Amino acid sequence: MDEALTSAVAFATDLERVLWRYTAAYTATGLSILDRLTDGRPPLSEPELELLRGEPSVGRLQELLEVPLEHRYAARMSSGGPSELKQYREERTLLLQSVEAVYVNLTAREGERRWTRQAVAVERLSKMDDGEHDEPWSNLIVPLLHLAMQTPYEISTHLNRLPAPAGR
């Protein structure tokens with residue numbers, strides 16, 4: 001019975017790790033595209049897209065989450081108003097607090113499992129699971145998945161507000 005339980009836990013952990021990696025990559029890609037649109041920059045190049053294919057580092061994820069909401073969601077703010085912005089701020093605050101908790105938890109570990117803040121910032125969370133502590137992404141996965149699922153709509157909203165290309 002213990003062997004079956006151990007196998008089930010290992011399978012669930014592996015599955016969650018895969019879900020985390022894809023959720024983080026999907027979110028980073030979506031937010032990067034949205035930032036380019038809101039900044040009026042050209043589309044991502046092939047090399048830039050290639051870099052976004054994998055799980056971002058903790059520091060990169062934090063950078064993407066720290067972009068001011070008014071900048072990213074200006075297209076929606078004119079129609080959604082202050083209540084929508086308040087909800088976005090609350091969700092983003094919780095995500096950033098969860099990222100900070102990752103730093104705190106990993107830098108508070110004892111001995112060889114202890115990370116420096118700089119090492120955490122440049123590493124991917126899926127590489128920091130030591131099997132003895134809770135997975136470092138456990139508090140981030142659900143709210144990040146929610147953000148990942150909402151980002152394509154934000155991109156669409158922004159694209160729909162752009163002027164039509166000449167000749168159409």
Side-chain angles (χ1 to χ4, degrees), residues 12-44 48-49 51-109 115-130 133-162:
T13 301
D14 289 346
L15 186 60
E16 192 175 281
R17 181 179 292 109
V18 169
L19 178 61
W20 164 255
R21 289 187 353 226
Y22 281 100
T23 298
Y26 184 62
T27 303
T29 302
L31 292 177
S32 297
I33 291 168
L34 185 58
D35 286 345
R36 283 187 167 269
L37 284 170
T38 57
D39 289 346
R41 291 184 284 156
L44 292 164
E48 290 169 320
L49 279 172
L51 288 174
L52 289 171
R53 288 187 67 205
E55 175 188 357
S57 69
V58 175
R60 178 64 182 141
L61 185 60
Q62 184 176 18
E63 287 171 13
L64 288 166
L65 294 172
E66 288 176 339
V67 171
L69 293 173
E70 294 81 1
H71 170 75
R72 225 179 242 150
Y73 301 113
R76 296 269 312 270
M77 292 306 108
S78 60
S79 62
S83 65
E84 197 166 29
L85 182 58
K86 182 180 178 204
Q87 178 185 344
Y88 283 148
R89 276 197 183 114
E90 289 169 359
E91 291 170 359
R92 194 57 50 86
T93 298
L94 289 173
L95 272 168
L96 286 168
Q97 288 171 346
S98 294
V99 170
E100 185 57 32
V102 166
Y103 282 109
V104 169
N105 291 335
L106 291 170
T107 58
R109 288 183 178 176
W115 290 76
T116 65
R117 191 170 180 91
Q118 295 79 13
V120 172
V122 299
E123 188 59 83
R124 298 176 310 221
L125 281 180
S126 64
K127 299 292 184 185
M128 294 185 229
D129 182 20
D130 65 4
H133 297 84
D134 288 341
E135 290 78 17
W137 57 80
S138 60
N139 292 326
L140 274 168
I141 198 164
V142 172
L144 201 65
L145 184 57
H146 175 69
L147 178 60
M149 292 172 20
Q150 145 190 356
T151 303
Y153 180 76
E154 301 301 337
I155 292 168
S156 173
T157 300
H158 189 80
L159 288 172
N160 287 334
R161 296 179 66 86
L162 293 175

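Please read these numbers as outputs of a predicted model, since none were measured by experiment.
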Novice: Within the 4.5 Å heavy-atom criterion, are Thr29 and Ile33 side-chain neighbours or not?
Specialist: yes

Novice: Do Asp35 and Val67 come close enough that some side-chain heavy atom pair is under 4.5 Å?
Specialist: yes

Novice: Roughly how far, to the nearest 0.5 Å, is CD of Glu100 from CG of Asn139?
Specialist: 13.0 Å

Novice: Check for a donor-acceptor pair, side chain of Glu55 on one end and backbone N or O of Leu125 on the other, with a separation under 3.5 Å.
Specialist: yes

Novice: To the nearest 0.5 Å, tell me how far Arg124 CZ sits from Arg60 CZ.
Specialist: 15.0 Å

Novice: Closest heavy-atom contact between Leu147 and Leu95?
Specialist: CD2-CD1, 3.9 Å

Novice: Nearest 0.5 Å, please: how far is CD in Glu63 from OG in Ser57?
Specialist: 7.0 Å

Novice: Quick one: closest heavy-atom pair of Ala25 and Pro56, and the distance?
Specialist: N-CD, 3.8 Å

Novice: Under 3.5 Å, side chain of Ser98 to main-chain N/O of Leu94, donor-acceptor pair present?
Specialist: yes

Novice: For the residue pair Leu65 and Arg92, what are the closest heavy atoms and their distance?
Specialist: O-CD, 3.2 Å

Novice: What is the distance from atom OH of Tyr103 to atom OG1 of Thr116, rounded to the nearest 0.5 Å?
Specialist: 10.0 Å

Novice: Tell me, do Arg53 and Leu49 make a side-chain contact under 4.5 Å, heavy atoms counted?
Specialist: no

Novice: Below 4.5 Å, heavy atoms only, C-beta onward: do Glu48 and Arg36 meet side chain to side chain?
Specialist: yes

Novice: Taking C-beta and beyond as the side chain, do Val58 and Leu106 meet within less than 4.5 Å on heavy atoms?
Specialist: no

Novice: Can you give me the closest heavy-atom contact between Leu37 and His158, atom names plus distance?
Specialist: O-NE2, 3.2 Å

Novice: Quick check: closest heavy atoms across Val99 and Gln62, and the distance to 0.1 Å?
Specialist: CG1-CB, 4.0 Å

Novice: Quick one: are Tyr26 and Leu145 in side-chain contact, heavy atoms under 4.5 Å?
Specialist: no

Novice: As an exercise, state the distance from CD of Glu91 to NE2 of His146, rounded to the nearest 0.5 Å.
Specialist: 4.0 Å

Novice: Once rounded to the nearest 0.5 Å, what's the spacing between atom CG of Leu34 and atom CG of Leu159?
Specialist: 9.0 Å

Novice: So which atom in Trp115 and which in Met128 form the shortest heavy-atom distance, rounded to 0.1 Å?
Specialist: CZ2-CG, 3.4 Å

Novice: Just wondering, do Arg17 and Thr13 contact through their side chains at under 4.5 Å, heavy atoms?
Specialist: yes

Novice: Any side-chain heavy-atom pair from Trp137 and Leu19 closer than 4.5 angstrom?
Specialist: no

